[in-house]
Amino acid sequence: MSIGKSSGSWRRGWCASASKSLSSNHALKPLVPILCLAAVVIYGLADKLRNFVAGVFIPQYHFPYAVALCFAQVLVSLLVLNLLHVLDLVPLKHYSRSLGETVLVPSICNSIHAVLAMWAKANSSNAGLFPLILPLLPMLTVGFSSSQKLASTPSLHTSVLISILGGTCFVVTASRGLSGVGPLEYMYAPLALILHSLSLTWLAKVSEAEQRHHPDAQASVFDIYYTQLVNQSCVLGLLWLLHPDSPWQVLSHSSWQSLLFHGYLFALLLLGMVMNLLVGMSALCVSPLAAALLHSARQLVRPFLQLL
């Protein structure tokens, strides 16, 4: 019985233990930049491939249903996490109502952000206001982290450096002008940015609060992420039922008989699942700033690469 408890406690806190080991073990410290670089590369490649798939799938099959796509992506994420749990690869607790109430705010924020971001892709806004203001995400996240007094709040020097980097990228990109920006995008893009930053900060706050609990009562990072996904499925499901593009309309106007349709759809959902998992785990295991930098890395680097 004691062996089972110790094994369960180790599995629940494996992510925190691994990160502490990486930061404390001098032999493993050189691996930290490599792991960070690997995460950035994987995320960047997944983002580029997902944009390509969305650029083909959405106009080709006339599937601009942002709420339906976000709801399906959350269901796929839940299915994969439960499958990994069944295979004993990822430890998961049953859904906790108290934890669900704690992560309700980031769940709502993340759901609305996901819908707005998917709406931008469905409306071919890859070169519009959404990518333009994305470099401001780390700066905004630093502000929210400071206001919430998180333990992972960066130092003043780091905050200033992040602000200069984000502001420079924004100015350089904006100086080249914008084309085809609709009036809704001027409202949706800033709203999506604020909601995403708030959700990352709140997730980190929940993770820090859980670390102060007794080890046997702690929720692991996977428990927090899983609970958020369950909440998101309820939020997006309700939103889909209330949306003009009802489930019946989406299901009846789709090319379900085409194998290519299924291939593009599942590729879009799986790539989105991987990207969201990387960002969520970065916010829970490292800091909300790390998650924001990971999400906006391509937009932060692109202006400087174009200047070379």
Side-chain angles (χ1 to χ4, degrees), residues 38-90 92 107 110-128 130-131 180 182 188 192 222 225-226 228-281 294-295 298:
V40 171
V41 171
I42 292 173
Y43 188 89
L45 292 175
D47 185 27
K48 191 172 183 179
L49 184 56
R50 185 170 180 251
N51 288 335
F52 170 77
V53 173
V56 174
F57 171 74
I58 293 175
Q60 180 72 25
Y61 293 99
H62 308 287
F63 203 90
Y65 306 116
V67 180
L69 287 172
C70 292
F71 179 68
Q73 185 171 293
V74 169
L75 292 184
V76 169
S77 300
L78 286 171
L79 178 63
V80 172
L81 275 181
N82 278 290
L83 179 61
L84 293 175
H85 174 62
V86 170
L87 297 175
D88 206 26
L89 296 176
V90 173
L92 288 177
S107 301
N110 208 22
S111 298
I112 300 175
H113 162 262
V115 171
L116 294 177
M118 189 64 73
W119 172 87
K121 292 185 182 296
N123 288 272
S124 302
S125 296
N126 289 327
F130 274 80
Y188 288 167
F222 284 109
Y225 188 72
Y226 176 79
Q228 183 195 27
L229 287 176
V230 174
N231 286 354
Q232 283 187 248
S233 66
C234 298
V235 173
L236 291 170
L238 179 61
L239 183 59
W240 193 15
L241 290 175
L242 300 176
H243 199 270
D245 296 328
S246 63
W248 171 250
Q249 179 181 349
V250 173
L251 295 175
S252 60
H253 289 79
S254 303
S255 305
W256 299 106
Q257 70 279 4
S258 172
L259 290 177
L260 279 176
F261 174 85
H262 290 279
Y264 279 120
L265 177 61
F266 282 117
L268 186 65
L269 298 180
L270 289 175
L271 289 169
M273 178 202 71
V274 172
M275 292 170 61
N276 288 342
L277 179 64
L278 287 173
V279 172
M281 289 298 139
L294 177 63
H295 182 65
R298 283 187 66 201

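All values derive from a computational prediction rather than experimental measurement.
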Review point. Measuring from Gln232:CD to Ile112:CD1, what's the distance to the nearest 0.5 Å?
Key: 10.5 Å
Return a table of donor-acceptor pairs under 3.5 angstrom between the side chains of residues 258-281 and protein atoms on other chains or two or more places apart.
from   : atom 1 : to     : atom 2 : distance (Å)
Ser258 : OG     : Leu260 : N      : 3.4
Ser258 : OG     : Phe261 : N      : 3.4
His262 : NE2    : Trp256 : O      : 2.6
Asn276 : ND2    : Gly272 : O      : 3.3

**Study point:** Contact summary for Ala54 and Pro59, nearest pair of heavy atoms
**Key:** O-CD, 3.6 Å
Revision key, fill the gap. So CG of Asp47 and CD1 of Ile42: to nearest 0.5 Å the spacing works out to 13.5 Å
Revision key, fill the gap. When every non-hydrogen atom of Asp245 is compared with those of Trp240, the smallest separation belongs to O-NE1, 3.0 Å
Exercise for review: Walk me through it: do Arg298 and Asn51 pass the test side-chain contact (heavy atoms from CB on, under 4.5 Å)?
Suggested key: CA-CA 13 Å; Arg298 283 187 66 201; Asn51 288 335; 3.7 Å; yes
Exercise for review: Determine whether Tyr226 and Val90 make a side-chain contact, defined as any pair of heavy atoms from C-beta on separated by less than 4.5 Å.
Suggested key: no
Point to revise | Trp119 and Val67, any side-chain heavy atoms less than 4.5 Å apart | key: no
Revision key, fill the gap. Heavy-atom nearest pair, Ala66 first then Met118, reads CA-CG, 3.7 Å
Point to revise | Pairing residues for Phe52 by the ring pair (Phe, Tyr, Trp, His ring centres under 6.0 Å) criterion, not counting sequence neighbours | key: none
Exercise for review: Calculate, to the nearest 0.5 Å, the distance between atoms OG and CD belonging to Ser233 and Gln73 respectively.
Suggested key: 13.0 Å
Check your understanding: Where do His113 and Asn110 land on the side-chain contact (heavy atoms from CB on, under 4.5 Å) test, with the steps shown first?
Key -> CA-CA 5 Å; His113 162 262; Asn110 208 22; 3.9 Å; yes
Practice item. Dump the intermediate steps for side-chain contact (heavy atoms from CB on, under 4.5 Å) on Tyr43 and His295, then the final yes or no. Key: CA-CA 8 Å; Tyr43 188 89; His295 182 65; 2.5 Å; yes
Check your understanding: Hey, what do you get for CG (Leu69) to CG (Leu236), rounding to the nearest 0.5 Å?
Key -> 11.0 Å
Review point. Which pair of non-hydrogen atoms, one from Phe130 and one from Ala192, has the smallest distance, and what is that distance?
Key: CE2-CB, 3.8 Å
Check your understanding: Rounded to the nearest 0.5 Å, how far does NE2 of His85 lie from CZ of Phe222?
Key -> 12.5 Å
Practice item. Apply side-chain hydrogen bond (donor to acceptor under 3.5 Å, both in side chains) to the pair Tyr65 and His243, showing each step before the final yes or no. Key: CA-CA 10 Å; Tyr65 306 116; His243 199 270; over 6 Å; no
Practice item. Please lay out, stage by stage, how Tyr225 and Leu81 fare under the test side-chain contact (heavy atoms from CB on, under 4.5 Å). Key: CA-CA 10 Å; Tyr225 188 72; Leu81 275 181; 3.9 Å; yes
Exercise for review: Could you tell me which residues satisfy side-chain contact (heavy atoms from CB on, under 4.5 Å) with Val235, sequence neighbours excluded, listed by chain and number?
Suggested key: Ile108, Ser111
Practice item. Report yes if the side chains of Pro247 and Leu241 come closer than 4.5 Å at any heavy-atom pair, otherwise no. Key: yes
**Study point:** Minimum heavy-atom distance Ala114-Cys70, with the two atoms named
**Key:** O-SG, 3.3 Å
